[in-house]
A.B. asks: 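Okay, here's the structure, questions in a sec.
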Amino acid sequence: MTEANASTKADSTPAAPEPARPSNFIRDTIIEDLKTGKYNGRVWTRFPPEPNGYLHIGHAKAICLDFGLADEFGGGTNLRFDDTNPEKEETEYVESIMADVKWLGFEWEGLYYASDYFQQLHDWAVQLIKADKAYVDDLSAEEIRKHRGTLTEPGKESPFRSRTVEENLDLFARMKAGEFPDGSRVLRAKIDMASPNLNMRDPVMYRILHAEHHRTGDKWCIYPMYDYAHGQSDSLENITHSMCTLEFEDHRPLYNWFIQELGIFPSQQMEFDRLNLTYTLLSKRKLLQLVQEKRVSGWDDPRMPTLSGIRRRGYTPEALRNFVANIGVTKTNGTLELAMLEHFVREDLNRSAQRVMAVVRPLKVVIDNYPEGQTEEMDAVNNPEDESAGKRKVPFSRELYIEQDDFREIPPKGYFRLSPGKEVRLRYGYFITAQSVVKNDKGDVTEVHVTYDPATRGGNAPDGRKVKSTIHWVSAAHAINAEARLYDNLFSKEDPNDVPEGQDFTANLNPNSLETVTDAKLEPSLKSALPGARYQFERLGYFCVDTDSKPGAPVFNRTVALKDTWAKKQSK
RNA sequence: UGGGCCGUCGACUAAUGGUAGGUCAAGUGCCUUUGGAGCACUUUGUCUAGGUUCGAAUCCUAGCGGCCCAGCCA
């Protein structure tokens with residue numbers, strides 16, 4: 001999380017184009033509410049994470065929706081931490097969540113905590129008890145479960161359901177006073193044990209938990225459940241449209257029940273589909289498992305779908321926002337192809353990232369007819385998509401590195417790059433022709449000897465002859481050595497949860513999700529690259545300076561590779 | 001087997017009783033000092049069966065399929 005600032009500083013996304021405002025059913029409802037004056041023209045939303053883990057790309061969808069919709073209609077959004085379970089929540093998570101929301105580019109109006117409302121929630125509970133709408137139940141968790149019935153059978157009423165208001169008031173007060181041990185009693189709403197909706201079968205409102213809360217300390221030993229806290233928190237903040245994911249649809253009647261019985265501001269809950277991505281897991285529990293079992297280096301491992309991981313990987317907030325704006329909001333649950341996300345990352349980086357030449361798997365090239373000891377400064381374009389990015393000088397000399405993939409002693413069909421007798425262009429340099437190779441004991445080519453045509457300086461032949469391929473290079477004498485971390489999908493299956501009986505999702509972990517190359521060669525302009533800075537390594541992909549970089553020992557993360565039609569053709 | 005929600009190109013989504021369109025992916029061509037980017041073009045779709053209607057992806061009925069719910073988690 002500490003690197004949040006560094007990466008933010010390196011963001012190059014100032015002038016955002018007019019964001020797309022695609023229509024969706026939630027937006028339509030808001031427009032309708034505006035028309036009918038339901039909330040007097042007000043639109044106020046909230047983003048309500050529980051501070052029990054790091055935000056991931058699924059949350060990014062919710063954030064963009066909550067903030068985006070409110071913003072579009074002139075309203076605002078509160079950030080509210082849903083901290084009703086002291087056993088899982090920590091301040092560390094609160095801080096990371098705030099940093100992630102800001103990084104995504106959003107500003108909240110109010111900053112609240114459900115724990116701010118503990119007193120009010122308690123007073124409302126007393127009110128419901130007095131109205132005979134809530135009661136203290138002495139049944140154990142196990143017994144409550146048994147009484148709840150099943151999906152097809154109605155539940156049975158608890159023997160404690162008919163307690164008098166006075167007794168309930170007394171017992172609830174003593175629960176609050178700490179007279180009873182954890183789990184010994186709960187406060188329940190008195191609704192309908194026969195309801196086909198299990199959430200309405202006298203849901204638990206309060207449980208006893210003698211636990212230290214990250215904000216209220218030991219002030220409370222009874223804590224409200226999500227269902228009892230969420231709607232009322234929305235109501236207290238005058239939230240008009242409370243968006244959440246589909247699995248809460250069954251909770252809406254209960255959400256409305258509390259608001260109705262209490263006669264408070266009628267916030268409305270609306271549900272949309274959760275984001276699913278191929279090759280990706282978006283479950284806090286499973287992501288935590290990856291961290292705990294050290295399958296990844298941490299929550300911010302660049303292979304993680306967490307916002308901190310994605311940020312470190314080099315994704316831009318702009319790309320994420322564009323992605324979310326284009327995937328739609330519906331009630332169908334599907335799975336998006338990861339390629340869709342990558343498209344928006346490439347699209348954004350293509351227009352913003354400075355181009356640079358870097359060789360990830362170096363192969364030495366010696367230009368036999370180039371003067372020894374001579375160095376030239378070649379002009380290179382910083383960003384062909386953005387003329388204002390200007391140009392830079394790149395040193396050229398007799399010994400260079402090129403990509404191992406860019407030379408084949410025996411070229412396959414359709415291979416345009418360097419091979420014996422073939423001429424190619426060194427980008428911004430000269431045309432060269434391969435003459436001979438040097439091999440090691442194993443027969444691997446370790447060095448290619450070439451000749452160059454001095455008349456082609458800059459990359460154009462005066463006689464107009466064409467060359468089929470342009471390859472990148474780095475002058476050996478001027479190269480900066482770097483570590484490059486090449487990432488692939490964390491899971492090798494589209495659906496990481498698709499495993500044989502008896503195995504868990506870790507069976508689908510991709511053993512090649514990280515390849516570390518330690519002798520990448522970079523052009524010298526990269527010498528002062530700061531952590532978080534993003535570049536396009538020409539012909540290879542987008543790379544971002546990792547926070548593990550040390551002075552003189554830079555580390556680059558490959559954010560996403562460039563599209564590679566040659567590789568695609570070859571794999572067929 | 002109760003309740004809730006949902007089925008549109010390979011994926012995601014639009015069409016709100018009136019021309020099934022867009023994005024991604026895939027493919028073809030053009031262009032190219034990144035086999036990048038760009039440009040042009042192309043392929044494939046309304047789960048099924050009935051019904052209402054001049055007209056149905058849209059409304060109704062039934063079937064089929066998928067997701068969610070039996071925490072003192074959120």
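Quick note on labels: first sequence line is chain A, next is B, and so on, each numbered from 1.
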A.B. asks: Suppose we define a pair by two distances each less than 3.5 Å, Watson-Crick or G-U wobble; what does B:G17 pair with here?
C.D. replies: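 Paired with no nucleotide.
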A.B. asks: Select base, sugar-phosphate, or nothing to describe what A:Phe431 touches, counting heavy atoms under 4.0 Å on all strands.
C.D. replies: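 Nothing, no heavy atom under 4.0 Å.
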A.B. asks: In whole angstroms, how far is the C1' atom of B:C73 from the CG atom of A:Leu288?
C.D. replies: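 After rounding, the gap between these two atoms is 14 Å.
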A.B. asks: Please check if atom CZ in A:Arg274 has more than 12 non-hydrogen atoms from other residues, nucleotides or ligands closer than 6.0 Å.
C.D. replies: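 For A:Arg274, atom CZ is not crowded (no more than 12 foreign heavy atoms under 6.0 Å).
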A.B. asks: Nearest whole angstrom, please: distance from the P of B:G35 to the CG of A:Leu562.
C.D. replies: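 Interatomic distance, CG of A:Leu562 to P of B:G35: 9 Å.
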A.B. asks: Any strand counts, and the cut-off is 3.5 Å on both contacts for Watson-Crick or G-U wobble. Which nucleotide pairs with B:C64?
C.D. replies: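 Looking at the geometry, B:C64 pairs with B:G7.
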A.B. asks: Verify the neighbour count for atom CD of A:Glu387: are there more than 12 heavy atoms of other residues, nucleotides or ligands below 6.0 Å?
C.D. replies: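 Open: at most 12 neighbouring heavy atoms sit under 6.0 Å from CD of A:Glu387.
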A.B. asks: Between A:Ile144 and A:Gly334, name the one whose nearest nucleotide on RNA chain B is closer to the 5' end.
C.D. replies: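 It is A:Gly334, whose closest nucleotide lies nearer the 5' terminus.
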A.B. asks: Could you please name the partner base of B:U53, counting Watson-Crick and G-U wobble pairs only when both distances are under 3.5 Å?
C.D. replies: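 Pair assignment: B:U53 / none.
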A.B. asks: Going by ring centres under 5.5 Å and near-parallel planes (under 30°), is A:Trp566 stacked on B:G35?
C.D. replies: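 Check passed, A:Trp566 stacks on base of B:G35.
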A.B. asks: Using a heavy-atom cut-off of under 4.0 Å over every strand shown, decide if A:Glu385 touches base, sugar-phosphate, or nothing.
C.D. replies: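 Result for A:Glu385 = base.
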A.B. asks: Rounded to the nearest Å, what distance is computed from the CG atom of residue A:Asp202 to the P atom of nucleotide B:G71?
C.D. replies: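 One finds 15 Å between P of B:G71 and CG of A:Asp202, rounded.
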A.B. asks: Looking across every strand, which nucleic acid part, if any, lies under 4.0 Å from A:Thr84 by heavy atom: base, sugar-phosphate, or nothing?
C.D. replies: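 Touches sugar-phosphate only.
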A.B. asks: side-chain contact (heavy atoms from CB on, under 4.5 Å), that's the test. Do A:Asp83 and A:Thr216 meet it? Break it down for me.
C.D. replies: CA-CA 10 Å; A:Asp83 56 351; A:Thr216 60; over 6 Å; no
A.B. asks: Does B:G71 adopt a syn or an anti glycosidic conformation, taking syn as a chi angle within 90° of 0?
C.D. replies: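 Nucleotide B:G71 adopts syn.
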A.B. asks: Find the partner of B:G29: check Watson-Crick (N1-N3 plus N6-O4 or O6-N4) and G-U wobble (N1-O2, O6-N3) distances, both under 3.5 Å, and reply none if neither fits.
C.D. replies: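 Pairing partner, where one exists within any strand: B:C39.
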A.B. asks: Under a 3.5 Å cut-off for both contacts, is B:G2 paired Watson-Crick or G-U wobble with anything, and if yes, with which nucleotide?
C.D. replies: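 When the pairing criteria are applied, B:C69 turns out to be the nucleotide that pairs with B:G2.
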A.B. asks: Rounded to the nearest angstrom, tell me the gap between atom CD1 in A:Ile471 and atom C1' in B:U34.
C.D. replies: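 It works out to 12 Å between those atoms.
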A.B. asks: With both distances under 3.5 angstrom, what nucleotide forms a Watson-Crick or G-U wobble pair with B:U34?
C.D. replies: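 Paired with B:U34, as far as the under-3.5 Å criterion goes, is no nucleotide at all.
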A.B. asks: Do you know which of A:Arg427, A:Glu538, A:Glu403 makes side-chain hydrogen bond (donor to acceptor under 3.5 Å, both in side chains) with A:His472?
C.D. replies: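 Testing each of A:Arg427, A:Glu538, A:Glu403 against A:His472, the sole residue satisfying side-chain hydrogen bond (donor to acceptor under 3.5 Å, both in side chains) is A:Glu403.
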A.B. asks: Which residue lies toward the 5' end of RNA chain B, A:Thr330 or A:Val186, if each is placed at its nearest nucleotide?
C.D. replies: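 The answer here is A:Thr330.
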A.B. asks: Anything under 30° is parallel, anything over 60° is perpendicular, the rest tilted; go ahead and classify A:Trp299 against A:Tyr93.
C.D. replies: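 Plane angle over 60°, so perpendicular.
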A.B. asks: Applying a 4.0 Å non-hydrogen cut-off, can you work out what A:Thr335 is touching in the nucleic acid: base, sugar-phosphate, or nothing?
C.D. replies: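 Answer is sugar-phosphate: A:Thr335 comes under 4.0 Å of backbone atoms only.
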